[in-house]
Structures are given as structure tokens and as C-alpha cells.
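Structure record follows, encoded as C-alpha cells.
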Amino acid sequence: MTLSKQYFQDFPIEFKQINPEDFPNFEVDEKVGISPNEQGYINDALQENINIDKKNTLVINAAVGQGKTYSIIQIIKRYFEADKDYVIFVAAPYTSLVQQYCHKIHEAGIPQEEIYSYNYIGNETHIDAWDCHIQVLTVNALLGNPGDDAFINTEEKRNYLNYLVRKCEQYCRKAVFVYDEIHDAIHNFKEELIFNHLEMEECNSKKHLA
């Protein structure tokens with residue numbers, strides 16, 4: 001069934017702008033506006049404006065259907081192929097999306113053995129997370145949110161993150177945090193959880209929020 005466009009002519013579109021003045025207590029670069037290509041995708045323009053050698057927090061704000069997830073995966077690939085040694089944490093809002101991200105990252109040309117899935121945690125596997133440069137997990141797990149049914153995150157999840165933090169410190173490996181679809185996980189960024197992220201950020205991190 002195809003609906004005529006007339007049904008959407010007066011339909012309100014919710015759009016949240018993010019501006020430097022929204023962060024008065026932080027050092028913020030100028031806002032950069034990018035335009036999609038003729039096909040409506042932002043990847044080419046976005047990659048031109050991202051310097052992976054610069055330590056910062058980058059927020060990507062774009063409309064649905066402009067290829068944000070594809071662009072994020074291309075950024076991940078750039079870090080993976082860089083000369084520097086990175087651990088790249090890719091945080092999805094839902095457990096159901098973890099395997100999809102693993103599959104898409106592998107499709108982008110990154111070997112399967114370099115991708116550690118959240119689904120491995122607590123299961124019998126001989127895969128060492130430290131041997132994988134890309135960690136795909138949920139925002140809940142990364143920020144230590146146990147959900148509504150528990151007081152703290154499971155011991156397996158805590159051990160997994162603490163292990164990677166120790167290894168990063170031991171080998172001076174830099175960490176990159178990529179939060180995709182962050183609007184669906186914004187409830188995790190609360191006072192009692194954000195310190196878990198700040199503790200991991202001591203690995204000399206870079207963050208990308210989409």
C-alpha cells in the first residue's frame with residue numbers, strides 16, 4: 001500500500017539542533033555544516049571533516065536515511081586501518097542490534113577475528129577480547145547500566161571492561177568510543193553511570209556520537 005505525499009504535507013518534523021553555545025563550560029570548535037550528495041547521503045562530506053588523529057568528542061546530527069550508520073562504519077574502518085594502535089568500542093542501543101553491527105563491520109572489509117561481540121561475554125569461547133581491535137557491545141554494558149532488575153552489572157561484564165582498561169594502560173593503546181543511535185540510549189547518561197565512562201576515557205580516548 002502506497003500513501004500519497006499529501007498526507008505528510010503538514011506533518012511536524014522534530015529536529016534538535018546541537019550548537020556550540022549549548023556547552024558553555026567546554027572548549028568547543030565551530031559547528032560544521034555538511035550537505036548530502038546527489039543521492040542524499042552524507043558519507044563523503046562527513047569523512048572530509050573528520051580528523052582521526054585529533055582527540056575530541058564529535059556529534060553527528062543528520063536526518064533519517066542519510067547514511068549515518070554507514071558513515072560511522074567507514075570511520076571505524078579508518079581507525080582500524082590507521083598506523084596507530086586503537087581499541088574501538090562500538091556501542092549499540094539494543095542487544096538485538098549487536099550482531100547486525102558485527103555483520104556490517106565485517107562486510108566493510110574488517111576480518112571477523114578482529115571483531116569481539118558482546119554476545120561472547122560470559123559464554124564459553126576461546127576468543128580473547130584483547131586480540132580484537134573492535135569491540136561491539138551495548139551502551140548499557142559500556143556504561144555499566146544493570147537495567148531495572150539488578151543493582152550492578154554482571155561480574156562477567158565488569159571483568160571484561162576492567163580487563164580491557166588494564167590492557168590499554170599496560171600497552172598504551174588508545175581507545176575510540178562510537179555511540180550509534182545515541183538518542184535511543186540517552187537514558188544511560190546519568191550521573192551515577194557517566195563516571196564509568198570517564199574511568200575508561202583515561203585510555204586517551206576519542207568519541208563519536210551519532
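- Side-chain atoms of V90 and I134, non-hydrogen and from C-beta on, do get closer than 4.5 Å to each other.
- Atom NE2 of residue H133 and atom CD of residue E81 lie 12.5 Å apart, to the nearest 0.5 angstrom.
- Aromatic rings from F89 and Y118 are positioned such that their centres are separated by 6.0 Å or more.
- Remark: N56 CG to D29 CG distance equals 7.0 Å, nearest 0.5 Å.
- Side-chain atoms of R78 come within 3.5 Å of backbone N or O of Q47 as a donor-acceptor pair.
- Side-chain heavy atoms closer than 4.5 Å link hydrophobic residues (I, L, V, M, F, W, Y) into clusters, and following such links, possibly through other members, connects I127 to V87.
- P24 and E21 make their closest contact through CD-O, 3.7 Å (heavy atoms, listed as atom of the first residue, atom of the second, distance).
- Nearest heavy atom pair, residue K68 against residue I42, reads CG-CD1, 4.2 Å.
- Taking 4.0 Å as the cut-off between side-chain N and carboxylate O, K174 and D53 do not count as a salt-bridged pair.
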Intermediate values then yes/no, side-chain contact (heavy atoms from CB on, under 4.5 Å), R173 and Y86
CA-CA 6 Å; R173 185 178 288 183; Y86 294 107; 5.6 Å; no

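- Formation of a donor-acceptor pair under 3.5 Å by the K77 side chain with backbone atoms of A108 is found in this model.
- Shown here for V32 and N49, the closest heavy-atom pair between the two residues is CG1-OD1, 3.4 Å.
- Side-chain atoms of Q99 and H103 include no donor-acceptor pair closer than 3.5 Å.
- Note that SG of C132 and CG of L164 are 9.5 Å apart. Values are rounded to the nearest 0.5 Å.
- Across Q135 and Y160, no two heavy atoms sit closer than the pair OE1-OH, 2.8 Å.
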side-chain contact (heavy atoms from CB on, under 4.5 Å) between S117 and V136: does it pass, once the steps are laid out?
CA-CA 5 Å; S117 171; V136 184; 5.5 Å; no

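- In the hydrophobic clustering of this structure, L143 groups with Y163; members are Ile, Leu, Val, Met, Phe, Trp, Tyr whose side-chain heavy atoms approach within less than 4.5 Å, directly or through other members.
- In this structure, Q74 CD and I72 CD1 are separated by 10.5 Å, a value rounded to the nearest 0.5 Å.
- Linking ILVMFWY residues whenever their side-chain heavy atoms come closer than 4.5 Å, directly or via other members, places V178 and Y94 in the same cluster.
- I121 contributes atom CD1, which lies 6.5 Å from atom CG of L137 (distance to the nearest 0.5 angstrom).
- With Q66 contributing its side chain and A63 its backbone, the two residues share a donor-acceptor pair below 3.5 Å.
- For L161 against L142, the heavy-atom pair with the smallest separation is CD1-O, 3.9 Å.
- Separation of atoms CG (N43) and CD1 (I75) is listed at 8.0 Å; rounding is to 0.5 Å.
- A donor-acceptor pair under 3.5 Å is formed between the side chain of D128 and the backbone N or O of W130.
- Counting only distance, with no hydrogens or angles, the side chain of N123 and the backbone of N119 share a donor-acceptor pair below 3.5 Å.
- Checking D180 against Y101 by side-chain atom types alone, a donor-acceptor pair falls below 3.5 Å.
- Note on ring orientation: taking the six-membered ring where Trp is involved, the planes of Y120 and Y116 are perpendicular (angle over 60°, cut-offs 30° and 60°).
- The two residues G65 and Y41 make their nearest non-hydrogen contact at O-CE2, 3.6 Å.
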